[in-house]
Structures are given as structure tokens and as C-alpha cells.
Amino acid sequence: MDFNKILTHWYSVNKRDLPWRQTKNPYHIWLSEIIMQQTQIKQGLPYYETFVSNYPSVFHLANADEQDVLKLWQGLGYYSRARNLHASAKYISNELNGEFPTSYQEMLKLKGVGDYTASAISSISFDEAHAVVDGNVYRVLSRYFGIPTPINSTAGIKEFKLLATQLLDTKNPGDYNQAVMEFGATQCKPKNPYCIVCPLKDSCVALQKGIVGELPVKIKKIKVTKKQFNFLVFISEDKKTVFEQRTSKGIWQNLYQFPLIESETEIPLKSFKSHPSVLDYFKTLDYSFSVFNPKPIVHKLSHQHLYAKFWIIEVKRLETEGIPISEVKNYPTPVLISNFIDAFGF
DNA sequence: AAAACGGGGAG
DNA sequence: CTCCCAGTTTT
């Protein structure tokens, strides 16, 4: 039996029962693929259920406010996925009369849909012969064929895509694509793969060479920058606070947060009022303050380590409009902020 | 070609 | 701690 046959059979026996495997509806497949990008099934599954339930059709999603879409996405990360999902829903609704694109080429025109996602949807929903290459596929192919080309190099991306395309079961591209991914996710795992009982063990190059643990090869190490985030949690006598939307490029775009002062170093409690950035921010405002967490909360992102302090600023009245404290929980926020809101008891 | 983009889970 | 996750977009 060949690679293709073995994997397809393995899949028919071992596949997990996932909700998006009950349908070929491209809208639902699209939702599942966007949600699962760079996300483990366990983490993304409840979000898929929420989105299908709240937005049964592309029209429901298109007619929603972005703020509501981001609120449902809260906690999942990579928020550009939610913004692009919403923008693409509006495009499908308005420009395509609500009809989801039926080809790989047309799907690539959707924001947030790249080669992987277009291949996945077109093969699963429309039986188009496009091979998916995700993290699982890179791992399975590099090991089985003993390919040391770095998977995140230009040459590697090209080489693995070509190989995956040659291996594709063109009669059944959707199931085959899912078979390789499922095999990589649950059998040919990054750590401690089940090589002893692997249906491909007799022909796996990496296993025979004893280099399973060294593949796939990945280059580039990301450099992490550290930042000090000082959030100003205003509380007025009429129980209002200030909540702002992040409109700039960078992390958490379009999500909400308390007014933020970034500082080069941690601001000690004693020198808060006299800190240059704080002085500049408050100017002449009369306030009293305390710090919610004397030790910074460490919030780790892939490219940044944030050291956050929440400063409670009590004032008689706000200088800006502000919102009732009871409403902050209705806004989409980063996990760092929602954790604080829960802990503080807003 | 490289960097940016979240948050959680596994070992 | 490091690495990885049903990747895409921007620089």
C-alpha cells in the first residue's frame, strides 16, 4: 500500500468527530479554518460553536457590528482574523450576493484567506485538487520522506507544497487533506510520536535513520521585546471609567483598553505622581491613586513580553465622556484586560 | 526575506 | 523554559 492509501484508511478509522466534519457548507468550513489557524482544536472548538450559533449564515455575520464579532473572538488571539473574517463576510454578502466563492482562485481574494485556507475550503467543499500544507503536513512529510529543508524557508515552502500536490489524492482531495493533518495532529506529533504503532513505520525515512526528533527543521528565532504597560483605571464618583479603542497598528487593533502609559522601566508606587510620563498625562488633574498589583503582571505574547500595572485613579469627575463601570465587560478586550476586569470585580 | 501578530497547551 | 498550534499580512 502507498502513502496515500494508508493515510486515508488510517483516517477513516481514527478521525475525531468534529462538528465541521458533518458538513461541506463552505461558510461553515471557512469559519472553522479561520478559527483554527495557528490554534489547537481544543482551544478553537468552543469559538466555532459560538460563531455558528450566533451567525448561522454569512449574512448574519456580514450584518453584525465589528465590535460584536471581536467580542465573540475575545481570548482567541490574532484578532486580524476576526476583522478580516467580518470584512470578507460583508464582501461576500454585498459583492457576491451572499454566494460563497466556489473556486480556490476566488477564495484567495477573501481577506485572511491564503494558500492553506483556500486549499482546505476548495478541496473539502468543492472537491478541488489543491493540497493543504499546514504545520502538521510539514511535519509528516519531512519525517516520512526525510526532508531536511527548513519548512519556513522560501525553498522549503515551495518544496513541500509541490510534494504535497504530487501526493494528493485527486479523487478525494478533501478527505486526503484532512487525513494528513489529522495524522500529524494525533499520531505523528511534534513530541513523542507513536512510531511503534505507526502504519507508515516500515517506509518512514526519519524513523529508519533515527532522526524523527530532528524533523522538521525550522529556522529563525523570534526576538522578544519587553514593554512596561501602565493602565490607568479611572473611577469617578458617579461610577464611570475611561475606556479607549486601540486604533493604531500593532497588537490588539480595534480592541478596548484603559488609557495606557508605556514606560521604559517599572514605575514604583512612591514615584508615580512625579513620573515624567504621568505628569505629562495628568497635567493639572486632581486625583488620588493606588496600585492594583504592586508586582507587574507578566503577559507573554509571541513577540512581546508585557509587564503590566493597573493604577486605580480616583477622581471627582472625568474630564472626558467615559462609560459606566458596569459596561466595560461588554467591550472586546485583550485577555490581559478582561482578566483584570474579572479580578477587580467590575 | 523577515517580522509581526495572541493565547494556551505540552513536555 | 522552549516549542508548537488546521497561517496570513505587512514591512
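Residue numbers start from 1 in every chain, and the chains themselves are labelled A, B, ... in the order their sequence lines are given, proteins ahead of strands. Computed from a predicted model, the values in this text were never measured in an experiment.
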> Looking only at the aromatic ring of each residue, does the gap between the centers of Phe243(A) and Tyr331(A) stay below 6.0 angstrom?
yes

> Taking the six-membered ring for Trp and the full ring for Phe, Tyr or His, determine whether the centres of Phe340(A) and Phe292(A) are under 6.0 Å apart.
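For Phe340(A) and Phe292(A), the ring centres are under 6.0 Å apart.
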
> Could you please name the option among dA6(C), dG9(B), dG7(B) that lies closest to any side-chain atom of Lys42(A)?
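Per side-chain heavy atoms of Lys42(A), the pick is dG9(B).
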
> Do the side-chain N or O atoms of Lys220(A) get closer than 4.0 angstrom to the phosphate oxygens (OP1, OP2) of dA2(B)?
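For Lys220(A), the contact criterion (side-chain N or O under 4.0 Å from OP1 or OP2 of dA2(B)) is met.
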
> Hey, which sits more toward the 5' end of DNA chain B by its nearest nucleotide, Gly250(A) or Lys191(A)?
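This one resolves to Gly250(A).
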
> Under 4.0 Å between a side-chain N/O of His299(A) and OP1 or OP2 of dG6(B), yes or no?
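Answer is no, no contact under 4.0 Å.
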
> Quick check: on DNA chain B, is the nucleotide nearest Ser153(A) upstream (toward 5') of the one nearest Asn192(A), or the reverse? Name the residue that is more 5'.
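Closest to the 5' end, via its nearest nucleotide, is Ser153(A).
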
> Just wondering, do Trp311(A) and Val278(A) contact through their side chains at under 4.5 Å, heavy atoms?
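No. Closest side-chain heavy atoms not under 4.5 Å.
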
> Determine the Euclidean distance between corresponding P atoms of dG6(B) and dT11(C); express it in Å to zero decimal places.
14 Å

> Expressed in whole Å, how much space separates the P atoms belonging to dG11(B) and dA6(C)?
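Going atom to atom, P in each nucleotide, I get 14 Å.
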
> What is the separation between atom CZ on Phe160(A) and atom P on dG7(C), rounded to the nearest whole Å?
15 Å

> Which of these nucleotides, dA6(C), dG7(B), dC4(C), is closest to any side-chain atom of Leu18(A)?
dA6(C)

> Categorize Ile222(A) for me: base, sugar-phosphate, or nothing, with a 4.0 angstrom heavy-atom threshold over every strand shown.
nothing

> Can you tell me if Tyr78(A) touches the phosphate of dC5(C), counting only side-chain N or O atoms and a distance under 4.0 Å to OP1 or OP2?
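So the side-chain polar atoms of Tyr78(A) never come under 4.0 Å of the phosphate oxygens OP1 or OP2 of dC5(C).
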
> Taking only the side-chain nitrogens and oxygens of Lys300(A), find out if one of them lies under 4.0 Å from OP1 or OP2 of dC1(C).
yes

> If you assign each of Thr39(A) and Leu110(A) to its closest nucleotide in DNA chain C, which residue comes earlier from the 5' end?
Thr39(A)

> Heavy atoms from C-beta onward define the side chain here; which of dT8(C), dC4(C), dC5(B) lies closest to that of Gln37(A)?
dT8(C)

> State, yes or no, whether a side-chain contact exists between Ser142(A) and Val217(A) at a heavy-atom distance under 4.5 Å.
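No, side chains not in contact.
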
> Ile219(A) has an atom CD1; how far is it from atom C1' of dA2(B), in whole Å?
10 Å

> Contact class for Gly184(A) (heavy atom, under 4.0 Å): base, sugar-phosphate, or nothing?
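Nothing: the residue Gly184(A), judged by heavy atoms under 4.0 Å, touches no strand.
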
> Ring centres under 6.0 Å, that's the criterion: do Phe100(A) and Tyr27(A) meet it?
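No, too far apart.
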
> Please state how far atom CD1 in Ile121(A) lies from atom P in dA6(C), giving the value in whole angstrom units.
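In whole Å, dA6(C) P lies 17 Å from Ile121(A) CD1.
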
> Starting at atom CG of Asp115(A), determine the distance to atom C1' of dT8(C), rounded to an integer number of angstrom.
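The answer, rounded to whole Å, is 11 Å.
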
> Rounded to whole Å, please give me the gap between CG in Leu76(A) and P in dG8(B).
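Computing the Leu76(A):CG to dG8(B):P distance gives 10 Å.
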
> Charged N to carboxylate O below 4.0 Å: is that the case for Asp175(A) and Lys15(A)?
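Salt bridge: no.
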
> What is the distance from CD of Gln38(A) to C1' of dG6(B), rounded to the nearest Å?
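Gln38(A) atom CD is separated from dG6(B) atom C1' by 10 Å.
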
> Could Lys283(A) and Glu319(A) be called an ion pair, given the rule that one side-chain N must be under 4.0 Å from one carboxylate O?
no

> Measuring from the side chain of Arg139(A) (C-beta onward, heavy atoms only), which nucleotide among dA6(C), dG6(B), dC5(C) has the closest atom?
dC5(C)

> Atom CD1 of Ile35(A) and atom P of dT8(C): how far apart are they, to the nearest Å?
15 Å

> Classify the nucleic acid contact of Gly44(A) as base, sugar-phosphate or nothing, counting any heavy atom under 4.0 Å across all strands shown.
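Nothing, no nucleic acid heavy atom in range.
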
> Can a side chain N or O of Thr117(A) be found less than 4.0 Å away from OP1 or OP2 on dT8(C)?
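Yes, Thr117(A) has a side-chain N/O under 4.0 Å of OP1/OP2 on dT8(C).
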
> How would you label the contact of Val137(A) with the nucleic acid (heavy atoms, under 4.0 Å): base, sugar-phosphate, or nothing?
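Result for Val137(A) = nothing.
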
> What contact category does Trp20(A) fall into here, base, sugar-phosphate, or nothing, at under 4.0 angstrom with non-hydrogen atoms?
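Base: the residue Trp20(A), judged by heavy atoms under 4.0 Å, touches a nucleobase.
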
> What's the closest nucleotide to the Val335(A) side chain, out of dG7(C), dG11(B), dG7(B)?
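The nucleotide sitting nearest to the side chain is dG7(B).
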
> Mind running side chain to side chain contact (heavy atoms under 4.5 Å, CB included) on Trp30(A) and Leu85(A) for me, showing each step along the way?
CA-CA 9 Å; Trp30(A) 174 51; Leu85(A) 185 77; 3.4 Å; yes

> Which residue lies toward the 5' end of DNA chain C, Pro190(A) or Asp134(A), if each is placed at its nearest nucleotide?
Pro190(A)

> Just to confirm, is there a sub-4.0 Å distance from OP1 or OP2 of dC4(C) to any side-chain nitrogen or oxygen of Gln40(A)?
no

> Is there, by distance only and without an angle test, a donor paired with an acceptor across the side chain of Arg21(A) and the base of dA6(C) below 3.5 Å?
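Donor-acceptor pair under 3.5 Å: yes.
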
> Of the listed nucleotides (dT9(C), dC5(B), dG7(B)), which one gets closest to any side-chain atom of His303(A)?
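Comparing dT9(C), dC5(B), dG7(B) against the side chain of His303(A), the answer is dC5(B).
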
> Please state how far atom CD1 in Ile251(A) lies from atom P in dT10(C), giving the value in whole angstrom units.
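Atom-to-atom, Ile251(A) to dT10(C), this comes out as 18 Å.
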
> So if I take every side-chain heavy atom of Trp252(A) and compare against dA6(C), dC4(C), dG6(B), which nucleotide ends up nearest?
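Nucleotide nearest to Trp252(A)'s side chain: dG6(B).
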
> Contact class for Gln304(A) (heavy atom, under 4.0 Å): base, sugar-phosphate, or nothing?
sugar-phosphate

> Counting the atoms with a prime plus P, OP1 and OP2 as sugar-phosphate, which does Ser80(A) contact under 4.0 Å by heavy atoms, base, sugar-phosphate, or nothing?
nothing

